[in-house]
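Working notes for the structure below.
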Amino acid sequence: MLKLGLQMYTLRDLLEQDFKGTLAKVAELGYQGVEFHHFYGYSAEEVKSLLDELGLEVVGTHVQYDSLVNDFDNVVAYHKAIGNRNIVVPYLSEEQRSDWNAIFTNLKEIGNKLKQQDMVLLYHNHDFELTEKINGKTALDTMYDTLPETELLAELDTCWIHYAGYNPAEYIAAYAGRLPIVHWKDVKRKEDGSPLTVELGQGEVNVAAVGDAADKAGVEWIVVEQDICTNPPLQSIETSLNWVKEYVKNGGKVNV
């Protein structure tokens, strides 16, 4: 059964104001785990103590590509101390992805170094990895064809897969076996065609199909995220959680 997490980037402004209180609210709502993107000056020991107190698991952490290249030892030490094994590259700038071969080489090295530390490297996609092509194939598929699953696992963001024009459920099925985490995210298009992330069930993504596919693919964590909240963020994550509860009532296999 899928475990339900929250990507804390959704609550970034609240975390900056009240890190501890915001985590407590996430636990109170019923999310089982949290995926970090920033620690707002808190030590690893403080974070671990707070997670233990609240009964929250660490899903993983989004760590900037440059930090993994240039500050690897400190990244590993911090995450070992909070009990996190999943290190996720969250984004590549346009400048960075001007040389995909260099990225693949660096990810290979980082993945192997993490493996030696009993940790794993994952990559989180946006839409550009699917719209940019390398020798006629999407950059995302080329990445996973180039690096074996022993060096790089996937964290598929299903909102961006949909926005790029692909079927998220089909992508999840294709990456079964190297996909421990899926981002559960909904989106609708504004009048100019640009994306607006919305609460689960409020947009154009077939989010129920995403949940079903994730379960069939053996995904461990399905993680709610909303990049931009037009409603108060805590209200948004509660709305999404209420949708998940209805999904479970209708047969969805998520532990809530």
Side-chain angles (χ1 to χ4, degrees), residues 5-10 12 15-16 34-42 44 47 58-82 84-135 137-161 163-164 171 175 178-183 185 195 197 221 223 225 227-228:
L6 178 72
Q7 168 51 257
M8 297 302 291
Y9 181 76
T10 309
R12 55 196 176 277
L15 286 169
E16 191 167 10
V34 287
E35 185 177 45
F36 290 106
H37 74 290
H38 201 287
F39 295 97
Y40 300 91
Y42 283 82
V47 172
V58 184
V59 178
T61 298
H62 282 194
V63 180
Q64 294 300 318
Y65 174 72
D66 284 346
S67 295
L68 288 168
V69 173
N70 300 316
D71 197 25
F72 180 85
D73 291 341
N74 285 328
V75 168
V76 166
Y78 191 100
H79 289 91
K80 278 196 167 185
I82 67 170
N84 174 42
R85 295 184 67 244
N86 294 324
I87 303 296
V88 188
V89 176
Y91 183 77
L92 294 168
S93 69
E94 190 171 349
E95 180 181 359
Q96 287 167 339
R97 62 183 189 264
S98 65
D99 188 348
W100 281 106
N101 286 330
I103 290 168
F104 297 161
T105 298
N106 284 334
L107 292 180
K108 182 181 183 68
E109 181 180 353
I110 293 164
N112 278 313
K113 287 165 66 178
L114 285 173
K115 185 166 56 176
Q116 293 169 13
Q117 300 293 329
D118 192 31
M119 301 170 83
V120 293
L121 180 66
L122 300 87
Y123 183 86
H124 165 271
N125 66 282
H126 288 75
D127 58 330
F128 62 78
E129 296 91 346
L130 294 156
T131 57
E132 293 185 23
K133 301 295 177 65
I134 302 173
N135 297 324
K137 184 180 289 188
T138 68
L140 188 70
D141 291 328
T142 304
M143 178 186 297
Y144 288 113
D145 285 347
T146 304
L147 282 78
E149 62 184 86
T150 54
E151 297 167 353
L152 184 68
L153 297 177
E155 179 182 75
L156 293 182
D157 188 307
T158 53
C159 152
W160 292 118
I161 292 171
Y163 186 73
Y171 246 92
Y175 280 87
R178 66 184 303 178
L179 182 60
I181 307 171
V182 163
H183 271 200
K185 190 190 301 185
T197 54
W221 284 100
V223 175
E225 183 185 29
D227 295 348
I228 301 293

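The first residue in the sequence is number 1, and the count goes up from there.
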Check: Among side-chain atoms of Glu35 and Trp221, is any donor-acceptor pair under 3.5 angstrom?
Finding: no

Show the nearest heavy-atom pair for residues [X] and [Y], with the distance to one decimal.
X      : Y      : value
Thr197 : Cys159 : CG2-SG, 4.3 Å
Ala154 : Leu122 : O-CD2, 3.6 Å
Thr146 : Pro148 : O-CD, 3.9 Å
Arg12  : Asp227 : NH2-O, 2.8 Å
Leu130 : Asn125 : CD1-ND2, 4.3 Å
Glu225 : Thr10  : CA-OG1, 3.6 Å

Checklist line | Reference residue Gln117; test side chain to side chain donor-acceptor pair (under 3.5 Å); the match among Lys80, Arg85, His79 | finding: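 Per the side chain to side chain donor-acceptor pair (under 3.5 Å) rule, the option paired with Gln117 is Lys80, out of Lys80, Arg85, His79.
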
Next item on the list: Kindly indicate, with the supporting measurements, whether the criterion side-chain contact (heavy atoms from CB on, under 4.5 Å) is fulfilled by Asn135 and Thr142.
Entry: CA-CA 9 Å; Asn135 297 324; Thr142 304; over 6 Å; no

From [X] atom [atom1] to [Y] atom [atom2], the distance as rounded to the nearest 0.5 Å:
X      : Y      : atom1 : atom2 : value
Ser93  : Gln64  : OG    : CD    : 9.5 Å
Leu107 : Leu92  : CG    : CG    : 7.0 Å
Lys137 : Asp145 : NZ    : CG    : 4.0 Å
Glu151 : Lys115 : CD    : NZ    : 5.5 Å
Leu153 : Ile181 : CG    : CD1   : 9.0 Å
Thr150 : Asn112 : OG1   : CG    : 6.5 Å

Item checked: Residues Tyr163, His126; criterion side-chain contact (heavy atoms from CB on, under 4.5 Å); working and verdict -> CA-CA 9 Å; Tyr163 186 73; His126 288 75; over 6 Å; no

Is the shortest side-chain heavy-atom distance between [X] and [Y] below 4.5 Å?
X      : Y      : result
Val120 : Leu114 : no
Gln96  : Tyr91  : no
Phe39  : Val47  : yes
Ile103 : Arg97  : yes
Lys185 : Trp160 : yes
Leu147 : Tyr123 : no
Ile87  : Val76  : no
Trp100 : Glu129 : yes

Next item on the list: Kindly check if the number of other-residue, nucleotide or ligand heavy atoms within 6.0 Å of CD (Glu132) is above 12?
Entry: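 Count over threshold, so yes.
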
May I ask you to decide if [Y]'s main-chain N or O and [X]'s side chain share a donor-acceptor pair within less than 3.5 Å?
X      : Y      : answer
Asn70  : Asp66  : yes
Asn86  : Val59  : yes
Glu109 : Asn106 : no
His124 : Pro90  : yes

Notebook entry, point to check: For the side-chain contact (heavy atoms from CB on, under 4.5 Å) test, which of Asp141, Val182, Leu179 pairs with Tyr171?
Noted result: Asp141

Next item on the list: Apply ring-ring contact (aromatic ring centres under 6.0 Å, His included) to Tyr78 and Tyr42, showing your working.
Entry: CA-CA 11 Å; Tyr78 191 100; Tyr42 283 82; over 10 Å; no

Note to self: side-chain contact (heavy atoms from CB on, under 4.5 Å) for Ile110 and Val89? Distances and angles first, verdict last.
What the structure shows: CA-CA 11 Å; Ile110 293 164; Val89 176; over 6 Å; no

Next item on the list: Tell me whether the guanidinium CZ or amine NZ of Arg178 lies under 6.0 angstrom from the six-membered ring centre of Tyr175 and within 45° of its axis.
Entry: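 Relative to the ring axis of Tyr175, which defines the angle, Arg178 lies outside at least one limit.
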
Next item on the list: Take Phe72 and Lys113, measure what side-chain contact (heavy atoms from CB on, under 4.5 Å) needs, and give me the verdict at the end.
Entry: CA-CA 9 Å; Phe72 180 85; Lys113 287 165 66 178; 3.5 Å; yes

